[in-house]
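Below: one structure, written as structure tokens.
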Amino acid sequence: MLDSLTFLVEKLSLLSNFKLFEFKWTDRKRNEAGCKERTMHAPLSLLRGDLLEVPRTLFTHFGIYLGDNKVAHLIPDIMPVLTNDKMIIKTVITNKRLIMGCLYKCATVRVDTLEDFVYDSNILVNHMDRKCKAQQPFPNEDVAERAEQLVGAIPYSLLWNNCEHFVTYCRYGSAESQQTEMFCECLKSIIQDQRSVFLSVLLGMIYVVCFGLAPSTTLPTILISFTLWMAS
């Protein structure tokens, strides 16, 4: 039982910090790859159409630089669902707006200032080009024009239509997300581990003891455990 609990804590930690495997490079590795990294306190030399990456708490956020200190980026936002007032929608998105947008699966491709987009973080410029060597980027002007054409409300999915899908579509012509792929690989490793079966049975038994023996408690326990067993 202790082994299973340790396994659960380990996997939950991986899920909550999965971006660390790919996006937190050491300075030495960044220098070897030739990545351009800047902060808002250092001078920036950006070209229209550059792909920008900035770290957030649990993920990396992406945008396309449009020139004149403007960045186009896809971000969850509930406000377009609640109002048509463009002045209200244009205001800087708060965390509450973002979370509600995620839950409602609504987002906007919007244009913000570079400062608002960066939010005092480090910036990686065109780092994605090195991770997508098989895909040649479009000319920078074409990238910026593709981003500008998509400005406005758009359906959102944390895994299947996020900010990384937006920028890869604009720059390479195909919407992909390495963060999604890494999350799915992590989830797959959890499902395939047979300790997950034992843990699901244990949690199911606790649920049955607490709420009684009934179809609503026993069927999920059996089905989930059987599915995990077959997948492992």
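Nothing here was measured: the structure is a model prediction, and the numbers come from that model. Just so you know, residue 1 is the first one in the sequence shown, and it goes up from there.
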Heavy atoms, side chains only, cut-off 4.5 Å: are [X] and [Y] in contact?
X	Y	value
C170	E145	no
I75	L98	yes
H73	C163	no
L52	V125	yes
Y169	E176	no
N126	E53	no
V143	I64	yes

Can you tell me if [X] and [Y] form a side-chain donor-acceptor pair at under 3.5 Å?
X	Y	result
S174	Q135	yes
D77	Y156	no
E115	N69	yes

Rounded to the nearest 0.5 Å, what's the gap from [atom1] on [X] to [atom2] on [Y]? Could you check?
X	Y	atom1	atom2	answer
Q179	F62	CD	CZ	5.0 Å
F183	F59	CZ	CZ	14.0 Å
R110	I93	CZ	CD1	4.0 Å
L51	N140	CG	CG	10.0 Å
T60	L124	OG1	CG	8.0 Å
Q178	M182	CD	CE	8.0 Å

Using atom types as modelled and distance alone, determine if a side-chain donor or acceptor of [X] lies under 3.5 Å from a backbone N or O of [Y].
X	Y	result
Y104	V81	no
R97	P76	no
T83	D85	yes
R146	E141	no
D112	K70	no
N162	H165	yes

Check [X] against [Y] and note the closest heavy-atom contact, atom names and distance.
X	Y	answer
M79	I89	CG-CG1, 4.1 Å
S177	E164	OG-OE1, 2.9 Å
Y65	L47	CD2-O, 3.3 Å
A147	L66	CB-CD2, 4.3 Å
P155	N161	O-ND2, 2.6 Å

*asked:* Is there a path of hydrophobic side-chain contacts, each under 4.5 Å between heavy atoms, that joins I154 and I78?
replied: no
*Hey, any chance L158 and L103 share a hydrophobic cluster, counting ILVMFWY side chains that come within less than 4.5 Å of each other, even indirectly?*
no
*Show the numbers, then the answer: is there a ring pair (Phe, Tyr, Trp, His ring centres under 6.0 Å) between Y119 and H61?*
CA-CA 11 Å; Y119 200 65; H61 191 48; over 10 Å; no
*Apply side-chain contact (heavy atoms from CB on, under 4.5 Å) to Q149 and V151, showing your working.*
CA-CA 6 Å; Q149 291 171 2; V151 170; over 6 Å; no
*How about F138: does its CZ atom have over 12 heavy atoms from other parts shown lying under 6.0 Å from it?*
yes
_Evaluate D50 against R48 for salt bridge (charged side-chain N to carboxylate O under 4.0 Å, His left out), listing each step before the verdict._
CA-CA 6 Å; D50 278 345; R48 177 173 160 86; over 6 Å; no
